[in-house]
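Below you'll find the structure I mean.
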Amino acid sequence: MADAVMSATPNSPRLQQQIAALAAISEAPAPVVTRVLFSEADLRGRAFVKKLCREAGLTLREDAVGNLFARWEGKNPRLPAVATGSHIDAIPNAGAYDGVVGVLGGLEAIRSLKEAGIEPERSIELIVFTAEEPTRFGIGCLGSRLLSGTLSEDRVAALRDRDGHPLDYWRGRAGFAGSLSGVALARDGYSAFVELHIEQGPCLEQENLAIGIVEKIAAPATLTLELTGVGGHAGAVLMPGRQDALLAGAEIALSVEQSALNSGSPDTVGTTGVFRIEPGAVNSIPCRARLEIDLRDTQIDTRDATLSRIEAAIKSICERRKIEFKLERLNVDAPAICDSGIVEMISHACAELGLKHRKMISRAYHDSLFMAQVCPTSMIFIPCRGGVSHRPDEYSSPEQIRDGVEVLTRTLAQLAGRA
Ligand SMILES: [Zn+2]
């Protein structure tokens, strides 16, 4: 089998032509790519990918939220399959590569293994996840969250777009029906998941590396905080006994910084990105403040301990300053540690191909974050020019993409071959 895998080389011109064809399916004129969940362009993009999958001889299945599974049956179809994939939805004014490289590159990897005459022991599936981008409903990774079973039915039922339409309205229009409770995957449904993706950061390009191997995926916790104090005239109310909402917020923002610095993990980052006060007049004591806090880490225990410390600080600062507070955890997603066996396998494939690589942390959200809760997972990053993404000038060269697909091809072959 090893020799056959060596001969499984991606057809780069074919892949480039398909990436260009998918980029042309957009709600906006080229070079802008916009494909918002269940828009007409998103549906045409899905149809295009399904056509390619059928032409490659894969068997298609879609679940109730529109996640697409394209399967190449292995010699032993009862074994849990190996999966790869990503997303094709794109935020407004985006580019041609985010997500798409993992979908069409994943398909190219499967096709090149088929064309090399390989018969994998395990089945290999391409997954196209619904709505990795949060554009329509304000929540990212909708499809993979549902697959991982981490999104409650209440939360899904409460989702609304800008016009007040629920998810059921949109998935009905797109032709997806049935209960969402059946979307969650069984814990042994897949033996492994590997996602190919552009880095969306500048490190690989700056370090002149071909491949980044993701060993940890950071995840954020987001807090919103409303502080209510007592306003008054800046001249008439003397200092003792003031209940200034801004000063409480300022102390809280500093405690977010201190908590992140002292977490014990170098990957903890805490940011108070929103701080608005009312009434916002120079001669008036701030009576209200709204803060939004983003806390990230690659380890769930240090992240959650830091989160608790910040919440305790908010309570004690507000008590001392006699400020009322309303604190809400907007989302608390678990970070993921990637599977060390898959990380080593990818690293081995890079070495075989003579590609310069290093291990790295993904600090952005990906469907892999949620797949990691279902099965052993890792990601393959390729460089993108200037680290730019979510813009029309997003770019990875055909050679960079081919390198990534070749590493993916070998990794999938190895994962599927070990019966
Ligand atoms: Zn993406």
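All figures in this text were calculated on a predicted structure; none of them were measured in a lab. Indexing begins at 1, ligand by ligand and atom by atom, following the structure's order.
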Go around the Zn ion (ligand 1) and count every protein N, O or S atom nearer than 2.8 Å.
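If we list every protein N, O or S atom nearer than 2.8 Å to the Zn ion (ligand 1), we get 3.
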
Can you find a heavy atom in the side chain of V256 that is under 4.5 Å from one in the side chain of L223?
no

For L52, enumerate each residue passing the side-chain contact (heavy atoms from CB on, under 4.5 Å) test, keeping only those at least two apart in sequence or located in another chain.
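L52 satisfies side-chain contact (heavy atoms from CB on, under 4.5 Å) with Q18, F48, E55, L104, L107 only.
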
Check ion pair K326-E226 (N to O, under 4.0 angstrom):
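Salt bridge between K326 and E226, a charged N being under 4.0 Å from a carboxylate O: no.
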
Less than 4.0 angstrom from a charged side-chain N to a carboxylate O is my criterion; do R303 and D267 meet it?
no

Taking only residues two or more places apart in sequence, or in another chain, which ones meet R358 in a salt bridge (Lys or Arg N to Asp or Glu O under 4.0 Å)?
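Here the qualifying residues are E207.
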
Taking only residues two or more places apart in sequence or in another chain, which ones pass salt bridge (Lys or Arg N to Asp or Glu O under 4.0 Å) with E27?
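Testing E27 for salt bridge (Lys or Arg N to Asp or Glu O under 4.0 Å), a comparison that skips the adjacent residues, returns none.
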
